[in-house]
Amino acid sequence: MSRTYVVTGAASGIGRTTAQILTDRGERVIGVDLKGTDVSGDLSTNEGRGGAAEEAARLAGGTVDAVIACAGLSIPEPLTASVNYFGMTEFLEAIQPALTRSEAPRVALVSSMATLQPVVPALVDALLAGDEPAALEIATRMAEDSRTANVIYPSSKRAISRWVRREAPTERWAGAGIPLNAVAPGTVVTPMTKELLASEEGRAMTDAYVPMPLNSHQGPETIAHLLIWLTSEENSHCAGQTIYCDGGTDAVLRGEDVWSWNDAAMRETFAEITMSLSR
């Protein structure tokens with residue numbers, strides 16, 4: 001039996017590829033984007049997010065089996081913060097009731113390996129606090145300085161991955177039987193990156209920031225297939241994760257040890273136990 005998917009950003013890039021693969025498999029897909037899809041909605045505004053979610057749920061007959069949120073921007077402007085964070089979180093929260101009517105509801109969204117890059121903590125904090133006016137004020141100041149303008153994007157992606165981790169175990173998501181996860185791509189060959197990758201200089205700069213030792217730049221289908229698995233019935237327990245499907249970028253940038261951050265606390269605990277046993 002086919003499932004009903006809602007895919008945001010379905011007019012281009014990863015969203016378009018994901019929607020096409022699902023359609024080819026016989027699934028029912030309701031696309032959401034600014035134009036050219038089943039639902040036209042501006043995810044940069046509160047009204048646009050709520051209206052798009054309401055219309056998508058209506059077209060689905062009130063029951064949505066899965067949402068794949070791909071809509072996003074990478075321009076060095078405040079709009080990126082609105083779309084990449086609130087355009088995902090508010091849309092997902094608005095459509096969540098339709099997901100609860102499914103027998104196997106699932107949600108996956110697109111983050112980025114940029115979560116590993118430097119961010120502006122004040123913007124990340126404002127986003128996570130749900131304070132869009134404050135976030136836009138900070139992003140506007142960042143956009144005025146060439147040193148921080150390009151940090152709006154990684155800050156928005158860091159925030160969305162933290163939101164996934166924070167919200168996934170809650171009653172709204174895990175409590176309702178809805179696995180909530182994200183996928184973090186490396187450099188994906190889409191219209192968004194086409195101009196940057198067109199020159200040797202652009203490719204060299206990209207590869208310096210996003211090293212991909214496995215197969216280099218990736219097609220959008222590499223992300224689409226993972227998003228589809230995360231939102232399939234087979235995924236019953238993967239929750240709260242940002243899965244780095246990035247050709248090895250995460251492993252290169254963070255190295256082989258991402259666990260020892262907690263070792264100091266454990267050493268202190270074991271020291272206390274050892275001392276108590278020797279008394």
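Reckoned from all heavy atoms, side chains included, excluding hydrogens, waters and symmetry mates. Just so we're clear, the structure is a prediction, and the values are computed from it rather than from any experiment.
- Of all non-hydrogen atoms in I95 and V6, the two that sit nearest each other are CD1-CG2, 4.1 Å.
- With values rounded to the nearest 0.5 angstrom, L226 atom CG is found 5.5 Å from C245 atom SG.
- Of the inter-residue distances, the one linking L127 atom CG with K157 atom NZ reads 12.0 Å to the nearest 0.5 angstrom.
- Judged purely by atom type and a 3.5 angstrom limit, R49 uses its side chain to pair as donor or acceptor with the backbone of L43.
- Side-chain contact annotation: E132 with S82, donor-acceptor N/O pair under 3.5 Å present.
- Under the 4.5 Å side-chain contact rule for hydrophobic residues, V119 and F86 share a cluster.
- Within the 3.5 Å criterion, the main-chain N or O of V151 finds a donor-acceptor partner in the side chain of S155.
- At distances below 3.5 Å, at least one donor-acceptor pair connects side-chain atoms of T17 with backbone N or O atoms of G13.
- A side-chain donor-acceptor contact under 3.5 Å links T115 and Y244.
- Across all their heavy atoms, G31 and D38 have their closest contact at N-OD2, 2.8 Å.
- The local environment of CZ in R16 is sparse, with at most 12 non-hydrogen atoms from other residues, nucleotides or ligands closer than 6.0 Å.
- Contact between T190 and P220 at its shortest, heavy atoms only, is CG2-CB, 4.4 Å.
- Pairing each heavy atom of A52 with each of G41, the nearest pair is CB-CA, 4.3 Å.
- With N181 contributing its side chain and C238 its backbone, the two residues share a donor-acceptor pair below 3.5 Å.
- The main-chain N or O of L136 is never found under 3.5 Å from a side-chain atom of R141 such that the two would form a donor-acceptor pair.
- Follow the hydrophobic side-chain contacts under 4.5 Å out from V189 and you never reach I223; the two are in separate clusters.
- One hydrophobic cluster, built from ILVMFWY side chains closer than 4.5 Å, cannot hold both V83 and V183; they sit in different ones.
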So I228 and L22, side-chain contact (heavy atoms from CB on, under 4.5 Å) or not? Walk me through it. CA-CA 8 Å; I228 291 169; L22 287 168; 3.8 Å; yes
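- A single hydrophobic cluster is not seen to contain both L116 and I160; linkage of ILVMFWY side chains at heavy-atom distances under 4.5 Å, directly or through other members, places them apart.
- Checking side-chain atoms of S260 against main-chain N and O of D263 turns up no donor-acceptor pair under 3.5 Å.
- In this structure, R203 places its CZ atom where more than 12 heavy-atom neighbours from other residues, nucleotides or ligands lie under 6.0 Å away.
- With rounding to the nearest 0.5 Å, the separation of OG1 in T89 from CH2 in W163 is 6.0 Å.
- Salt-bridge annotation for E55 and R58: present, with a side-chain N of the basic residue lying under 4.0 Å from a carboxylate O of the acidic one.
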side-chain contact (heavy atoms from CB on, under 4.5 Å) for T187 and Q218? Distances and angles first, verdict last. CA-CA 6 Å; T187 301; Q218 58 196 130; over 6 Å; no
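- Heavy atoms only, all atoms of each residue included: I152 and P78 are closest at CD1-N, 4.2 Å.
- Not one N or O on the side chain of D131 forms a donor-acceptor pair closer than 3.5 Å with the backbone of A126.
- Taking 4.0 Å as the cut-off between side-chain N and carboxylate O, E93 and R172 count as a salt-bridged pair.
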Please step through side-chain contact (heavy atoms from CB on, under 4.5 Å) for the pair V67 and Q96, ending with a clear verdict. CA-CA 9 Å; V67 178; Q96 191 266 0; over 6 Å; no
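- No continuous path of ILVMFWY side-chain contacts below 4.5 Å connects Y85 to L73, so the two sit in separate hydrophobic clusters.
- Residue H217 forms a side-chain contact (heavy atoms from CB on, under 4.5 Å) with just one option from V210, V188, T222, D207, and that option is D207.
- Rounding to the nearest 0.5 Å gives a distance of 12.5 Å between CD1 of I30 and CD of E27.
- Atom CD of residue E221 and atom CD of residue Q20 lie 12.5 Å apart, to the nearest 0.5 angstrom.
- Atom OG1 of T242 sits about 13.0 Å away from atom CE of M113, to the nearest 0.5 Å.
- Put simply, the side chain of R158 gets close to the backbone of Q117: a donor and an acceptor are under 3.5 Å apart.
- A donor-acceptor pair shorter than 3.5 Å can be found between the side chains of S111 and S161.
- Listed by chain and number, the residues in a salt bridge (Lys or Arg N to Asp or Glu O under 4.0 Å) with R254 are D250 (sequence neighbours excluded).
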Which is it for F91 and L109 under the side-chain contact (heavy atoms from CB on, under 4.5 Å) test, yes or no, and what are the steps along the way? CA-CA 11 Å; F91 181 89; L109 51 85; over 6 Å; no
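- Shown here for M142 and T148, the closest heavy-atom pair between the two residues is O-OG1, 2.8 Å.
- Distance alone, capped at 3.5 Å, places no donor-acceptor pair between the D33 side chain and the T8 backbone.
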For residues 99-108, please give each side-chain donor-acceptor pair under 3.5 Å, one per line with the distance, not counting sequence neighbours.
from : atom 1 : to   : atom 2 : distance (Å)
T100 : OG1    : P97  : O      : 2.6
R101 : NH1    : G62  : O      : 2.8
S102 : OG     : D65  : OD1    : 2.6
S102 : OG     : A104 : N      : 3.1
R106 : NE     : S232 : O      : 3.0
R106 : NE     : N235 : O      : 2.8
R106 : NH2    : E233 : O      : 3.2
R106 : NH2    : N235 : O      : 3.3

